[in-house]
Amino acid sequence: MSQRAGWFAWLIFMIGALYFILPLFGTFVFSLQKVRGSLGFSAYEAAFANPDFLRTFLFSSLIAALTIVTSLALIVPTAFWVNLRMPRWRGVVEFITLLPFVIPAIVLVFGIIRTFGKPVTIFGIPLLPSLLNTELSTNIVLIAAYTVLSLPYMYRATDNGLRAMDVRTLAEAAQSLGASWFTVLMRVILPNLRTALLSGALLTFAIVIGEYTIAAFLARPMFGPYLQLQVRNRAYEAAALTIVAFALTWLAMGVIDLITRQRATPVTGGR
Amino acid sequence: MATTLPAAPRRRFSWNWLGLVPFFVFSFLFIFLPSASLFVDSFQNQNGQFTLDNIAGLFEPPIPASYLLSVQISLTTALMGGLLGFFMAYALTVGNLPRWLRPITLTFAGVASNFAGVPLAFAFIATLGQVGFLTVLLRNAFGWNLYTTGFSLYSFLGLSLAYMYFQFPLMLLIMIPAIEGLKREWREAAENLGASTAQYWLRVGLPVLMPSLLGTMLLLFGNAFGAYATAYGLTGGNLQLITIQLGAQMRGDVLRNPNLGYAMALGMVVIMAVCISGYIWLQRLSERWLK
C-alpha cells in the first residue's frame, strides 16, 4: 500500500474544499461591496444598526434558549428513566424521537396550525382552547415545535451519555446516602452528562436561530424570516447577516468539537 | 417521582410508568395530534364527511408534477452528493491525505450539513447569481458569461447545486466511520490471496459498505425531499416542488380546496416514512459487518 496520497484523493478533496469555501467567500466578498468601488464593512454596520435586526435576533436567541431548556427538561428525565426502570420502552421512545426525521418541518407546522388553530377536542371532549390566538400561547407552540425538531439530537446525545456511565450504580449509591430522585437527577446524573447535553444544546441553538419555515408560518418575529425579508430588499445587508448566521453555526459546531473529543456526528435534516 | 428503590418488597402494581408520562403527553400533543389531524382531514371533505376525493386529487395536475420534481431533485442531489461525499470520505481515510486535514474537514462538514435554509440560499445567490462573485469572476477573468450559456441559479440545476452544499457533507460525516470500520485484516487477507486493490474494493470493500452507502443516500433523499426554506429562499416559489406547492397552499394562494393540502402533506409523510424505514433497515444490515 503506498503511503502517499494519489492525485485522485487530492482532486476529490480539492473539489469538496472549493464547494465548501466558494459560496462563503463569495458571500463575504459580496458583503464588503456595499459602497461602490471600495471594500468595507458598511453593510455590517447598516445591518447591525437596523433595530429590527436586534429585535428579531434577540427574540430568536430567547426562543432558542427556551427550546433548549424545554427539551432538556423533557428528554433528560425520560432517557434516565428509560435506562433505569423502563428498558422495555426504549424502542418506543427511540421511535418517537426519530419521528421528526419523517415529518418535514413544513408538514409539522401545517399540522400544528390545523390542530391548535381551533379549540382542541378529542371525540368531542374539549381538551385545550385555541393556542394560536394570543402571542404568548403562539410562542409556546413555537417552542414546542422546535422542541420536536430537537428531539432526535437531544435524545441521542443524552442516551449516549447515559450509556457511557453506570446509571444504576450511581443512582443506588446516591439513594443509599439518602438522596431523592430529584437530587439524583440534578446532582449526580446531570453533572455526568454535561458534555453530551452541551453538544445537544448547541446543535439545537444552531437549528433554531436561523429557522425559517415554522417561524414564518406561525408568523413569529424570528431572525430567519427577517433574513428572508432582507434578501428581498437589501442584498448587501443580507450578505452580512448570512455571514453572521454562518459564523454562529461555525461557533456552535466548533465548541461541540472542542468538548467532545471523539467524533459525534451532528446529523440534522435539510430545511 | 418519589418512588423508592427496588430493595423494597415487590409491589403488585408499579408506578414506574408515571416517569414517562410527560414525554408521552408532549409527543401526543405536538407530534401525534398534528399528524393525526392531517391524516383524518385527508379523508374528509370541507363538511367533515368521509371522502377519497382528496387522495384522488393528488393524481390530478399540477400535483403529480410537483411530487415528480421533488423526487427528481432529491434523487439527483442524493446521488451526486452521495458520490462526492463517499469519494471525499475515501480520500480522507484510505486515500492517505495528510492527517491534519481530517479534523478541519469534519468540522467544516458538520457546519455545512447544518447550514441550510435562507442563509444557504443567499450564499448561492451571492456566488452564482447574476452579479455573484463567481459569475463576475468568470466573466472578467475568463470572458465566460455563465448566464449566456442558459445557466440559471433559479432553476433545477441551481437548486441542486445549493442542496449539494448540505448533502455531501452529511454523506461524508456518516461514511467516514463506516469506511474506518472495514477491518485491516480483510484487506491483508485479500492481498495475501493475490487480490489487487481494485479487486479488494469490488469484491470486499464495496459489498460490505453497500448497505450503509445506499442507506445514507436514502437519508439524503429524505433530507432534500422535505426541504422548504432553501428552495423558497432561492427560487421564491418558481420551482414547483411539492414543499413549495404545500407552502403556497398553506398561504391560501393556489388551490381552492384546503383538504387537498392535507392529502399532499400526507403523501409527503408516506414518502419520507418509506425512505427513513429503508435507511434504518439498511443501517441494521450494515451493522452485521461494521461495528
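All values reported here derive from a predicted model rather than from experimental measurement. So you know, we letter chains A, B, ... as the sequences are listed, proteins then strands, and number each from 1.
Contact of B/Ile276 with chain A is made through the side chain alone, with heavy-atom distances under 4.5 Å. With a 4.5 angstrom heavy-atom cutoff, A/Ile15 touches chain B only via side-chain atoms. Contact annotation for A/Leu99: only side-chain heavy atoms (C-beta onward) come within less than 4.5 Å of a heavy atom of chain B. Of the atoms belonging to B/Val131, heavy atoms from both backbone and side chain fall under 4.5 Å from chain A. Residue A/Val244: no heavy atom, backbone or side chain, is found under 4.5 Å from chain B. Only the backbone of A/Ala17 comes within contact range of chain B, judged by heavy atoms closer than 4.5 Å. Contacts of B/Ala36 with chain A are absent, with no heavy-atom separation under 4.5 Å from either backbone or side chain. Both the backbone and the side chain of B/Tyr165 have a heavy atom closer than 4.5 Å to some heavy atom of chain A. At a 4.5 Å heavy-atom cutoff, the contact between A/Phe13 and chain B is made by backbone and side-chain atoms alike. Within the 4.5 angstrom heavy-atom criterion, only side-chain atoms of A/Val29, from C-beta onward, approach chain B. Heavy-atom distances place the side chain of A/Ile75, and not its backbone, under 4.5 Å from chain B. In this structure, chain B has a heavy atom under 4.5 Å from the side chain of A/Leu128, while its backbone stays farther away. For B/Phe86, no part lies under 4.5 angstrom from a heavy atom of chain A. Heavy-atom distances place no part of A/Leu11 under 4.5 Å from chain B, backbone and side chain included. Both the backbone and the side chain of B/Leu33 come within contact range of chain A, judged by heavy atoms closer than 4.5 Å. Contact annotation for B/Ser35: only side-chain heavy atoms (C-beta onward) come within less than 4.5 Å of a heavy atom of chain A. Heavy atoms closer than 4.5 Å to chain A are found in the side chain of B/Phe26, but not in its backbone. Using a 4.5 Å cut-off between heavy atoms, A/Phe116 contacts chain B through its side chain alone, with no backbone atom that close. Proximity to chain A is absent for every atom of B/Ile176, based on heavy atoms less than 4.5 angstrom apart. Contacts of B/Tyr262 with chain A are made by both backbone and side-chain atoms, with heavy-atom separations under 4.5 Å.
Although no hydrogens or angles enter the test, the distance criterion places a donor-acceptor pair under 3.5 Å between the side chain of A/Tyr19 and the main chain of B/Leu161. Between the side chain of A/Trp81 and the backbone N or O of B/Asn16, at least one donor-acceptor pair lies under 3.5 Å.
In this structure, the side chains of A/Gln230 and B/Phe122 stay at 4.5 Å or more apart for every pair of heavy atoms.
Annotation: maximal heavy-atom pairing with chain A below 4.5 Å, among B/Ala265, B/Ala91, B/Ala123, occurs at B/Ala123.
A ring-ring contact (aromatic ring centres under 6.0 Å, His included) with A/Phe20 is found for exactly one of B/Phe115, B/Phe108, B/Phe166, namely B/Phe108.
Closest approach of A/Gly16 and B/Phe168 over heavy atoms only: O-CZ, 3.7 Å.
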